[in-house]
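Shown next, in structure tokens, is the structure this report addresses.
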Amino acid sequence: MQKLLVATTNRGKLREIAPLLSGLPLDLVTLAEWPSLQAPEEAGQTFAENARAKARYYATATGLLTVAEDSGLEIDALGGRPGVESARLGGPGASYPQKFALIDDALRAKGAIESAARFVCALALAEGAHIVFEASGTIDGRIAPEPKGEGGFGYDPIFFFSPFGCTLAQAGDRKWAVSHRGEAFRALRAFLETQGLLSRASVPKDV
């Protein structure tokens, strides 16, 4: 069975990704199997640039077919921020409730509490240093006036999705059908189903 490295340690992301690739002849592994492997600097100006850099880095380091993604929240009233800085908003160690508070303060200062917003996901699939596939996905919504919901992860509690009438943290399994990450990984699945990559052997490196 083909090993596919999903370049993340985020369990929430893996919970979303695994069902989207289920049924394929893949053995999904994560960065948890390489605890000593340091993460590359995410210096890209776009989600796509960061996804490519991470995919190449981890594929080269481990010798495995690797998918990496970069995703985040873009808020119109804040000029698209936090964007690629979504995970780093508030500095190292900032909790998501703290990030929510920073966003709320910034929006209140602009008088735009329920600004339009979107989640964006860009993914890249790499064999060694070569990017063999890229995809992206978005979901449009608005910032909720207060966090709601216990499901999902990250910014889901403050992202209101009008067709569901609730935040993504309240959407349950419905989220997979509409999410930015779901859109990107469904495109990856379609690519893998029609290419010869799944028949190639991959031998992981010791790192």
Side-chain angles (χ1 to χ4, degrees), residues 1-74 80 82-89 92 118-139 153-155 175-176 179-207:
M1 185 174 286
Q2 171 77 55
K3 282 186 177 290
L4 175 67
L5 172 60
V6 181
T8 187
T9 57
N10 186 315
R11 293 182 180 179
K13 287 184 179 181
L14 189 61
R15 283 196 301 270
E16 286 192 2
I17 292 167
L20 296 168
L21 300 178
S22 67
L24 294 178
L26 291 171
D27 178 14
L28 301 184
V29 295
T30 72
L31 294 174
E33 298 196 19
W34 287 271
S36 63
L37 185 58
Q38 293 188 345
E41 181 182 2
E42 295 186 30
Q45 298 299 305
T46 67
F47 296 112
E49 288 176 1
N50 284 333
R52 291 183 206 116
K54 289 189 285 187
R56 289 190 181 105
Y57 173 83
Y58 289 116
T60 300
T62 65
L64 293 180
L65 183 67
T66 298
V67 60
E69 62 94 33
D70 195 41
S71 55
L73 178 65
E74 295 180 341
V84 294
E85 297 295 327
S86 293
R88 297 179 287 279
L89 181 66
R118 70 202 49 81
F119 277 126
V120 180
C121 173
L123 69 76
L125 181 70
E127 283 190 301
H130 302 288
I131 300 297
V132 295
F133 179 74
E134 293 184 80
S136 62
T138 61
I139 178 173
F153 64 97
Y155 291 99
K175 175 186 172 183
W176 296 350
S179 77
H180 53 308
R181 192 168 293 107
E183 182 180 357
F185 275 86
R186 280 190 294 273
L188 173 64
R189 181 189 182 98
F191 173 79
L192 291 172
E193 288 176 333
T194 58
Q195 301 299 313
L197 293 176
L198 296 185
S199 64
R200 300 180 191 174
S202 62
V203 179
K205 296 179 182 179
D206 293 325
V207 293

Name the orientation class of the two ring planes belonging to His180 and Phe119 (parallel below 30°, tilted from 30 to 60°, perpendicular beyond 60°). parallel

Please report the interatomic distance [atom1]([X]) to [atom2]([Y]), rounded to the nearest 0.5 Å.
{"X": "Leu28", "Y": "Gln2", "atom1": "CG", "atom2": "CD", "result": "10.5 Å"}
{"X": "Asp70", "Y": "Thr8", "atom1": "CG", "atom2": "OG1", "result": "10.5 Å"}
{"X": "Lys13", "Y": "Arg181", "atom1": "NZ", "atom2": "CZ", "result": "5.0 Å"}
{"X": "Leu37", "Y": "Thr9", "atom1": "CG", "atom2": "OG1", "result": "11.0 Å"}
{"X": "Thr62", "Y": "Leu5", "atom1": "OG1", "atom2": "CG", "result": "5.0 Å"}
{"X": "Ile17", "Y": "Leu188", "atom1": "CD1", "atom2": "CG", "result": "9.5 Å"}

Check: [Y] main-chain N/O paired with [X] side-chain donor or acceptor under 3.5 Å:
{"X": "Tyr155", "Y": "Ser86", "result": "yes"}
{"X": "Lys54", "Y": "Glu69", "result": "yes"}
{"X": "Asn50", "Y": "Gly44", "result": "yes"}
{"X": "Glu183", "Y": "Thr138", "result": "yes"}
{"X": "Thr60", "Y": "Tyr57", "result": "no"}
{"X": "Arg189", "Y": "Leu20", "result": "yes"}

[X] and [Y]: which non-hydrogen atoms are nearest, and at how many Å?
{"X": "Ala55", "Y": "Ala124", "value": "CB-O, 3.6 Å"}
{"X": "Ala68", "Y": "Ala51", "value": "CB-O, 3.7 Å"}
{"X": "Ile131", "Y": "Glu134", "value": "CG2-CG, 3.6 Å"}
{"X": "Gly137", "Y": "Ala184", "value": "N-CB, 4.1 Å"}
{"X": "Arg15", "Y": "Trp176", "value": "O-CZ2, 3.9 Å"}
{"X": "Gly72", "Y": "Phe47", "value": "N-CE2, 3.4 Å"}

Less than 4.0 angstrom from a charged side-chain N to a carboxylate O is my criterion; do Glu85 and Arg88 meet it? yes

Could you walk me through whether Leu192 and Leu26 pass the side-chain contact (heavy atoms from CB on, under 4.5 Å) test, one step at a time? CA-CA 10 Å; Leu192 291 172; Leu26 291 171; 4.1 Å; yes

Step by step, would you call Val67 with Phe133 a side-chain contact (heavy atoms from CB on, under 4.5 Å)? CA-CA 9 Å; Val67 60; Phe133 179 74; over 6 Å; no

Should Tyr58 and Leu64 count as side-chain neighbours, where that means a heavy-atom distance under 4.5 Å? no

Step by step, would you call Leu4 with Leu21 a side-chain contact (heavy atoms from CB on, under 4.5 Å)? CA-CA 10 Å; Leu4 175 67; Leu21 300 178; 3.9 Å; yes

